[in-house]
Amino acid sequence: MSKSARVLYWFRTDLRLHDSPALQAALDLKPAALFPVWCWDPNYVYKHRVGINRFRFLLESMNALSKNITSTQSNSQLLVVRGEPTELLPELWKRWNITHLVIEKDPSAYGRRRDKLIREAAKKSKVEVVAVQGHHLYDPEEVTKRNKGKPTMSMSTLQKIVSDMGDVPKPIDAPKDLPLPTLKDSKSKSLKDTLSELARSLEGLPHYTGKGREGPESVDLNSTELGGQRDKKVTCYDTVNGEPSELFSVPTLASIGMDASKVKDTIKGGEPVALEKLANICKDAEYVATFAKPKTSPGQSAEDPSTTLLSPYLKFGCLSVRKLWWDAEEAKKKYKGGSKTGPPENLNGQLLFRDMYACAEHAIGDAFQRVKGNEVCRYMDWYLPTHYDKNGEVVLPRPPGDAVSEARLSAYKLGQTGFPWIDALMRQLRLEGWMHHLGRHSVAAFLTRGQCWISWERGAEIFDEYLIDWDPCSNPGNWMWLSCSAFFTQYFRLYGLATFPAKYDKTGALVRKYCPELAKFPDKYIYEPFNAPKDVQQKAGCIIGKDYPFPMLDEKATKGENMERMKICYQANLHGTSKEVLEGKADDMLKKQHGFKDPPKEFDWNNRPGSKIPDWAKAPKGEEHTTKGAPGGGNGAPVKHEDDGHDSDDAVYEQEDEQKEERGSKKRKPAVKQEEGKSKKKK
DNA sequence: GAGATGTTGTGAAA
DNA sequence: TTTCACAACATCTC
């Protein structure tokens, strides 16, 4: 049987050749032919929020993989076909006489939904499917089974389960040879011949014209209308297998309608880069052996990170998680110094957290990315929640929420909140597609339970769009953690917008880098330039309220109100699957029972022009500071943005004077007036 | 049922 | 630099 096996190896979550148990399983079939395929899925192009940086990283990784395949087998390469996998793959099986489809298990909810359809199609086509776990340390399916179908909600739970599952498997080497991707009666002598033959075999296939099978057909989540980064036409689906001059080639950024000049490619994709980075990290045995995540500084940039910055490579499978695990173990052994760190704070512990979120997501499914229907997610009456239609489908674009929250979300996304620490982090994210884990803590807590009281779903969407390493399990998992919706409950622990970064870097290097308009402020005021006396601001060449925005809210006041509000929500003890939540009555109930306040109503944008904000940090032309195009849509609230910052000088000085007066009493002037009357709990 | 524990808070006091 | 109160959560162990 195995002699005549003809394998289609479908790459998805595993853009590598080293330590790929699935690829090994394919080779174990001793196939007569092996087709290394990437199906350029329109659902990923249109129906997932993916920004330029993640697409760039993915395309680089695909190109690197293709090169790697060719250097292993000169007459092979990554065969990129463009179309809906459920339609296209069955055609390939038929035309290439495929007997086996081999895949690395994709444990995400979307992956499982897609693969279920593929399995059904394969059954009809009499193609055998071989699916092998390889993306995590342990198989989320197996862990969930051992946890009786329940989500793994704590590190100790996960550790207890996996302690019975044996060691993490040792990594295996990359194959030294690969079978050829040739047709049964092939006469090809070269890669070029092979590609031509394969292209001829696909003649007559219609090219894909839709926007993916998932969700409403017309919706393109990455279009600029919906706040995305696609401003040009998608052309990658004009052919099934690429242009005749570059058959089965990796698409370009331009062909997915995105402009590469808009991002900074600090983090390069690909398996070779990943392996080199890992080797360099493991050379420093002390670093690996004493690594303690909470002690690493969020104030360092991607060029000189305090962490490994390997997450993007794990996300796309450019790096095997088992290789990282065992190389770290080996490095640790070499360290003869004092005390070594252990899980959960060490490197291996970080990988265990990744598994914990994957296993939790596996048990919950699609709802893991949302509040509603998510049994582990505590319900809070956040502003800007996700809306659903009568059929329970998410409404896109999202109907507008209150104007102030929309405006705050927009400023947050652009890094123009008036809080340097938040703005530097958000601009770093937008520009480079990465942010230190503790920086993510800061901005996530700020948006949700800390200051803005905006749903973590909105924050997760922004991360979804900008982060290279976005992961369907870790990202929502961490947003629930930081918003105290799940996994973590100590809501009285909150990150200060100046105190927390100052713990790591009193000089504010990250702020100076990403908020250059603030670069000349003395250390004392770098995280709170709005507290600097007027002469200091003048000397720094940056007047707050004119060259850099005034803070968009009062940090301490919102902190106090929101903490009280968290307490009330915890007492109400509603979750995503509570009856009141599913029936849409939770907000009214909470409001009635606990006297919650309405959303804030005033937002004085005239005092937030920010004329010295660098061009790259500004909103795209025509979308300056409008909530139109906020993630998931918006109401286009009347938020004004003055590019030159001179139109509203009177208002600026008025505010500055008030600020000066209040400085004596160490109280900051909030940009948003406080609501009349405090919320009162009834107990 | 009590007490300890939980990767990653803050600010004052010792 | 370390320790503890803050006002207080859920979960795990005994």
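Each chain gets a letter, A, B and so on, in the order the sequences are listed, and its residues count up from 1.
- In this structure, A/Met153 atom CE and C/dC9 atom C1' are separated by 14 Å, rounded to whole Å.
- When the side-chain nitrogen and oxygen atoms of A/Thr499 are compared with OP1 and OP2 of B/dT10, one or more of them lie within a distance under 4.0 Å.
- Using a 4.0 Å cut-off between a side-chain N of Lys or Arg and a carboxylate O of Asp or Glu, A/Lys513 and A/Glu303 qualify as a salt bridge.
- Look at CG on A/Leu438: it is 9 Å from C1' on B/dT7, rounded to the nearest Å.
- Near DNA chain B, meaning a heavy atom under 4.0 Å away, the residues from residues 291-307 of chain A are A/Lys293, A/Pro294.
- Taking atom P in both B/dA4 and C/dC4, the straight-line distance is 13 Å, to the nearest Å.
- Judged by ring centres under 5.5 Å apart and planes tilted less than 30 degrees, A/Phe353 stacks against the six-membered base ring of B/dT7.
- Using a 30° and 60° split on the angle between ring planes, A/Trp453 and A/Trp382 fall in the tilted class, from 30° to 60°.
- In this structure, A/Glu580 does not pair ionically with A/Lys585, as no charged nitrogen and carboxylate oxygen lie closer than 4.0 Å.
- Within 4.0 Å of A/Gly349, counting heavy atoms only, lies no atom of the nucleic acid at all.
- The distance between atom NZ of A/Lys503 and atom P of B/dT8, rounded to the nearest whole Å, is 10 Å.
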For DNA chain B, what string of dots and brackets results from 5' to 3' when Watson-Crick and G-U pairs need both distances under 3.5 Å, crossing pairs get [ ], and pairs with another strand get |?
||||||..||||||
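- Relative to the six-membered ring of A/Tyr570, A/Arg378 meets both conditions, a distance below 6.0 Å and an angle of at most 45° to the axis.
- To the nearest angstrom, P of C/dT11 lies 14 Å from NZ of A/Lys160.
- When the nucleotides C/dA8, B/dG6, B/dT8 are ranked by their closest atom to the side chain of A/Gln490, B/dG6 comes out on top.
- With distances taken from any side-chain atom of A/Ser154 to the nucleotides C/dA8, C/dA10, C/dC12, the minimum falls on C/dC12.
- Not one side-chain nitrogen or oxygen of A/Ser156 sits closer than 4.0 Å to the OP1 or OP2 atom of B/dT5.
- Here A/Asp469 pairs with A/Arg440 in a salt bridge; the nearest charged N to carboxylate O distance falls below 4.0 Å.
- Rounded to whole Å, the P atom of C/dA10 lies 23 Å from the corresponding atom of B/dT10.
- The pair A/Glu517-A/Arg427 meets the salt-bridge criterion, with a side-chain N (NZ, NE, NH1 or NH2) lying under 4.0 Å from an Asp/Glu carboxylate O.
- Using a 4.0 Å heavy-atom criterion, one finds that A/Arg440 contacts no nucleic acid atom at all.
- We find that A/Glu555 and A/Lys559 are not joined by a salt bridge, their nearest charged nitrogen and carboxylate oxygen being 4.0 Å or further apart.
- In this structure, NZ of A/Lys556 is placed 6 Å from P of B/dG11, rounded to the nearest angstrom.
- Rounded to whole Å, the P atom of B/dG1 lies 27 Å from the corresponding atom of C/dA7.
- A salt bridge is absent between A/Lys293 and A/Glu345; no separation between the charged side-chain nitrogens and carboxylate oxygens falls under 4.0 Å.
- Following rounding to the nearest Å, A/Tyr527 (OH) and B/dT10 (P) show an atom-to-atom distance of 12 Å.
- On a pure distance criterion of 3.5 Å, no polar donor-acceptor pair joins the side chain of A/Glu345 and the base of B/dT8.
- Ring orientation note: the planes of A/Trp421 and A/Tyr527 are nearly perpendicular, at an angle over 60° on the 30°/60° scale.
- Across the interface with DNA chain C, nearest-nucleotide mapping of A/Tyr570 and A/Arg493 shows A/Arg493 to be the residue nearer the 5′ end.
- Look at OH on A/Tyr504: it is 10 Å from C1' on B/dG9, rounded to the nearest Å.
- In this structure, A/Met155 places its CE atom 12 Å from P of B/dG6, rounding to the nearest Å.
- By the 4.0 Å N-to-carboxylate-O rule, A/Lys170 lies too far from A/Asp19 to be salt-bridged with it.
- Contact annotation: A/Lys567 side-chain N/O to C/dA7 OP1/OP2 distance is not under 4.0 Å.
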Mind running side-chain contact (heavy atoms from CB on, under 4.5 Å) on A/Leu137 and A/Val162 for me, showing each step along the way?
CA-CA 9 Å; A/Leu137 298 171; A/Val162 301; over 6 Å; no
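- For the C1' atoms, the distance from C/dA8 to B/dT5 is 14 Å, rounded to whole Å.
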